[in-house]
Amino acid sequence: MSDENAALARTRITYLESLGDELRDRGFAVRLTIPQGGPPSLHVVNPRASALAENILAETTAGAWWFWWSWAERIAPANDPAEAADRVTRVLAATGEYSS
């Protein structure tokens with residue numbers, strides 16, 4: 001792995017860990033996955049409804065880092081893990097859960 005690729009992987013991991021901490025604090029189960037030869041991702045599961053799960057990526061676009069859903073839609077800027085966690089919480093909520 002080149003130094004540049006290693007630096008990108010470390011940055012992705014750092015952002016995903018920060019989002020994982022936010023989501024864990026909200027009661028979600030999270031697991032950082034680092035496949036050989038592929039980008040790291042954060043597997044998030046609502047423990048009250050395990051079918052509500054998603055893999056989240058951290059990627060750079062035009063010089064800015066973003067969290068992304070697995071279906072290639074942006075979630076929130078990676079430097080705002082609280083906002084990203086809010087959005088993930090809403091999408092992975094069971095009926096009546098996390099309502100405001």
Side-chain angles (χ1 to χ4, degrees):
M1 179 182 281
S2 73
D3 288 344
E4 183 179 340
N5 287 342
L8 285 172
R10 282 192 301 275
T11 300
R12 285 181 176 103
I13 290 167
T14 298
Y15 282 129
L16 292 169
E17 286 177 334
S18 67
L19 177 57
D21 290 344
E22 286 280 340
L23 291 166
R24 194 175 294 110
D25 289 347
R26 297 167 190 231
F28 287 86
V30 299
R31 182 181 71 240
L32 183 63
T33 303
I34 307 171
Q36 189 167 359
S41 64
L42 187 68
H43 185 71
V44 183
V45 178
N46 181 334
R48 292 164 216 75
S50 61
L52 298 171
E54 182 57 45
N55 291 312
I56 296 171
L57 302 167
E59 295 292 335
T60 184
T61 303
W65 282 89
W66 287 80
F67 292 115
W68 291 80
W69 297 109
S70 63
W71 60 84
E73 183 177 317
R74 288 181 185 180
I75 300 171
N79 64 358
D80 193 353
E83 175 63 25
D86 287 345
R87 292 180 182 178
V88 171
T89 297
R90 285 191 299 272
V91 169
L92 298 183
T95 302
E97 190 178 36
Y98 305 113
S99 56
S100 312

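Between Glu83 atom CD and Glu22 atom CD the span is 10.5 Å, to the nearest 0.5 Å. In this structure, CG on Leu92 lies 11.5 Å from OG on Ser50, to the nearest 0.5 angstrom. In this structure, CG on Leu42 lies 10.5 Å from CD1 on Ile34, to the nearest 0.5 angstrom. Residue Thr60 holds its OG1 atom at 8.5 Å from OH of Tyr15, rounded to the nearest 0.5 Å. Distance CG/Asn55 to CG/Leu16: 10.5 Å, rounded to 0.5 Å.
Across all non-hydrogen atoms, the minimal contact from Ser41 to Leu57 is CB-CD2, 3.5 Å. Closest approach of Pro40 to Ile13, counting heavy atoms only: CG-CG1, 3.8 Å. When every heavy atom of Asn46 is checked against every heavy atom of Ala94, the shortest pair comes out as ND2-N, 3.7 Å. The two residues Ala53 and Val45 make their nearest non-hydrogen contact at CB-CG2, 3.8 Å. The minimum heavy-atom distance linking Glu59 with Pro39 is given by the pair OE2-CB, 4.0 Å. For the pair Pro47 and Gly27, the tightest heavy-atom approach, listed with the atom from each and the gap, is CG-O, 3.1 Å.
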Walk me through whether Asp86 and Arg26 qualify under side-chain contact (heavy atoms from CB on, under 4.5 Å). CA-CA 9 Å; Asp86 287 345; Arg26 297 167 190 231; 2.5 Å; yes
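Side-chain atoms of Arg31 never come within 3.5 Å of backbone atoms of His43 as a donor-acceptor pair (strictly under, hydrogens ignored).
Contact annotation: the side chain of Val44 never approaches that of Leu19 to less than 4.5 Å [non-hydrogen atoms, C-beta and beyond].
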Donor-acceptor contacts under 3.5 Å from residues 63-71 side chains, at least two apart:
from, atom 1, to, atom 2, distance (Å)
Ser70, OG, Glu54, OE2, 2.3
Trp71, NE1, Glu73, OE1, 3.2

